[in-house]
Amino acid sequence: MDFARAQGARKAIIISATGTGKTMLSALDVRAVNPRRMLFVAHREQILDRTIAEYQRVLEAPATEFGKLTGSHKQLDKRFVFATIQTLSQDKVLAQLPADAFDYIIIDEAHRSGAPTYQRVVMEHFKPTFMLGITATPERTDGFNVFELFDHNVPYEIRLQHALEAEM
């Protein structure tokens with residue numbers, strides 16, 4: 001992602017088969033960038049729990065810097081916020097977060113970002129310095145072009161067949 005950013009990119013997408021380290025790659029990039037504030041968006045809370053644990057290990061930051069934004073957690077003031085799209089998209093929640101609240105945003109399962117909820121919240125409301133999508137399957141059956149959404153910047157890609165051949 002450094003190369004993409006060095007070229008002036010504000011968005012990129014990682015395409016990586018399931019189990020090949022998408023979350024780790026995103027955490028390593030967050031560590032390299034050291035953003036003021038980061039938002040990680042996923043569609044399920046269970047994903048957030050695993051991701052927070054991995055990010056804590058990689059970033060070596062105190063647990064007090066990590067927060068969740070879910071139906072039962074509203075930790076909006078933390079440096080690293082991990083949110084479900086369902087909660088983040090609520091008008092009363094979004095109203096508490098200015099467009100520049102986060103300078104780095106990561107969209108898990110980025111192939112979902114074509115959905116109206118993601119478009120309204122993540123793509124239209126927020127104005128981060130950098131946005132990273134991560135997915136194993138960028139192709140959508142509805143014709144939405146995920147590559148275009150991330151300005152066709154693909155700094156890393158490993159598809160299932162290559163991952164199997166590499167015994168990943």
Side-chain angles (χ1 to χ4, degrees), residues 1-61 66 68-69 79-86 88-89 101-115 117-119 121-168:
M1 277 69 63
D2 283 338
F3 180 76
R5 279 189 294 272
Q7 300 298 312
R10 296 180 49 101
K11 298 177 189 173
I13 186 166
I14 291 174
I15 301 163
S16 185
T18 301
T20 58
K22 291 180 292 295
T23 304
M24 179 63 72
L25 278 172
S26 69
L28 289 169
D29 195 52
V30 169
R31 185 174 75 186
V33 171
N34 193 25
R36 177 183 50 83
R37 291 194 72 213
M38 181 218 72
L39 173 66
F40 186 101
V41 182
H43 66 287
R44 291 196 350 246
E45 187 171 354
Q46 296 87 341
I47 293 170
L48 298 181
D49 293 335
R50 288 191 309 267
T51 302
I52 290 169
E54 197 161 338
Y55 268 63
Q56 285 177 327
R57 222 176 28 257
V58 171
L59 300 180
E60 299 177 340
F66 295 82
K68 279 184 9 181
L69 179 57
R79 180 176 180 201
F80 304 107
V81 177
F82 297 78
T84 60
I85 189 65
Q86 295 86 346
L88 184 61
S89 65
F102 303 100
D103 48 330
Y104 195 124
I105 295 178
I106 299 161
I107 311 298
D108 187 50
E109 303 291 345
H111 57 276
R112 297 174 179 270
S113 57
T117 306
Y118 281 87
Q119 288 292 302
V121 175
V122 182
M123 301 303 180
E124 295 171 9
H125 178 80
F126 291 113
K127 305 296 181 222
T129 303
F130 192 73
M131 183 178 303
L132 178 66
I134 57 178
T135 186
T137 55
E139 293 80 13
R140 291 176 48 106
T141 56
D142 65 1
F144 184 86
N145 189 333
V146 174
F147 293 100
E148 186 176 309
L149 186 63
F150 289 93
D151 298 336
H152 300 276
N153 289 314
V154 184
Y156 179 79
E157 179 174 358
I158 184 161
R159 299 290 183 134
L160 181 59
Q161 187 59 42
H162 288 113
L164 291 172
E165 290 168 4
E167 298 181 4
M168 294 178 79

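Positions are given from 1 along the sequence. Side chains are part of it too, since the values below use all heavy atoms of this structure and drop only hydrogens, waters and symmetry mates.
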Quiz item: Applying the side chain to side chain contact (heavy atoms under 4.5 Å, CB included) test to Met38, which of Ile106, Val81, Ile105 qualifies?
Solution: Ile106

Quiz item: Does the distance from a Lys or Arg side-chain N to an Asp or Glu carboxylate O, for Lys68 and Glu45, drop under 4.0 Å?
Solution: yes

Practice problem: Check the pair Val121, Val41 against side-chain contact (heavy atoms from CB on, under 4.5 Å), reporting the backbone distance first and the verdict last. | Solution: CA-CA 10 Å; Val121 175; Val41 182; over 6 Å; no

Quiz item: side-chain contact (heavy atoms from CB on, under 4.5 Å) between Ile13 and Val146: does it pass, once the steps are laid out?
Solution: CA-CA 9 Å; Ile13 186 166; Val146 174; 3.4 Å; yes

Practice problem: Find the distance between OG1 (Thr117) and CZ (Arg112) and round it off to the nearest 0.5 Å. | Solution: 11.0 Å

Practice problem: Mind checking the CD1-CD1 spacing from Ile134 to Ile15? Nearest 0.5 Å is all I need. | Solution: 12.0 Å

Quiz item: Do Tyr118 and His43 have side chains that get closer than 4.5 Å, going by heavy atoms?
Solution: yes

Quiz item: Is Phe150 close to Met131 at the side-chain level, that is, under 4.5 Å between some pair of heavy atoms?
Solution: yes

Quiz prompt | Close side-chain approach of Val30 to Pro35, heavy-atom, < 4.5 Å | solution = yes

Practice problem: Calculate, to the nearest 0.5 Å, the distance between atoms CE and CG belonging to Met24 and Asp29 respectively. | Solution: 13.0 Å

Self-check item: Pair Tyr55-Ser26, side-chain donor/acceptor within less than 3.5 Å
Solution: yes

Practice problem: For residues Gly133 and Ala110, report the shortest heavy-atom separation together with the two atoms involved. | Solution: CA-CB, 3.7 Å

Self-check item: Rounded distance (nearest 0.5 Å) linking atom OG1 of Thr84 with atom CG of Asp108
Solution: 12.0 Å

Self-check item: Pair Phe82-Phe66, side-chain contact (heavy atoms from CB on, under 4.5 Å): steps then yes or no
Solution: CA-CA 8 Å; Phe82 297 78; Phe66 295 82; 3.5 Å; yes

Self-check item: Any Val122 side-chain heavy atom under 4.5 Å of Ile85 side chain
Solution: yes

Quiz item: Could you give the distance from OG1 (Thr23) to CZ (Arg50), rounded to the nearest 0.5 Å?
Solution: 8.0 Å

Exercise. Report the relative orientation of the aromatic rings in Phe126 and Phe102; use parallel for angles under 30°, tilted for 30 to 60°, perpendicular for over 60°.
Key: perpendicular

Practice problem: Would you check if the side chain of Gln119 reaches a backbone N or O of Glu124 as a donor-acceptor pair within less than 3.5 Å? | Solution: no

Quiz item: Between the main-chain N or O of Tyr104 and the side-chain N or O of Arg36, is there a donor-acceptor pair closer than 3.5 Å?
Solution: no

Self-check item: Inter-residue atom distance Leu39.CG - Leu69.CG, 0.5 Å rounding
Solution: 8.0 Å

Quiz item: Shortest non-hydrogen contact from Ala42 to Leu48?
Solution: CB-CD2, 3.7 Å

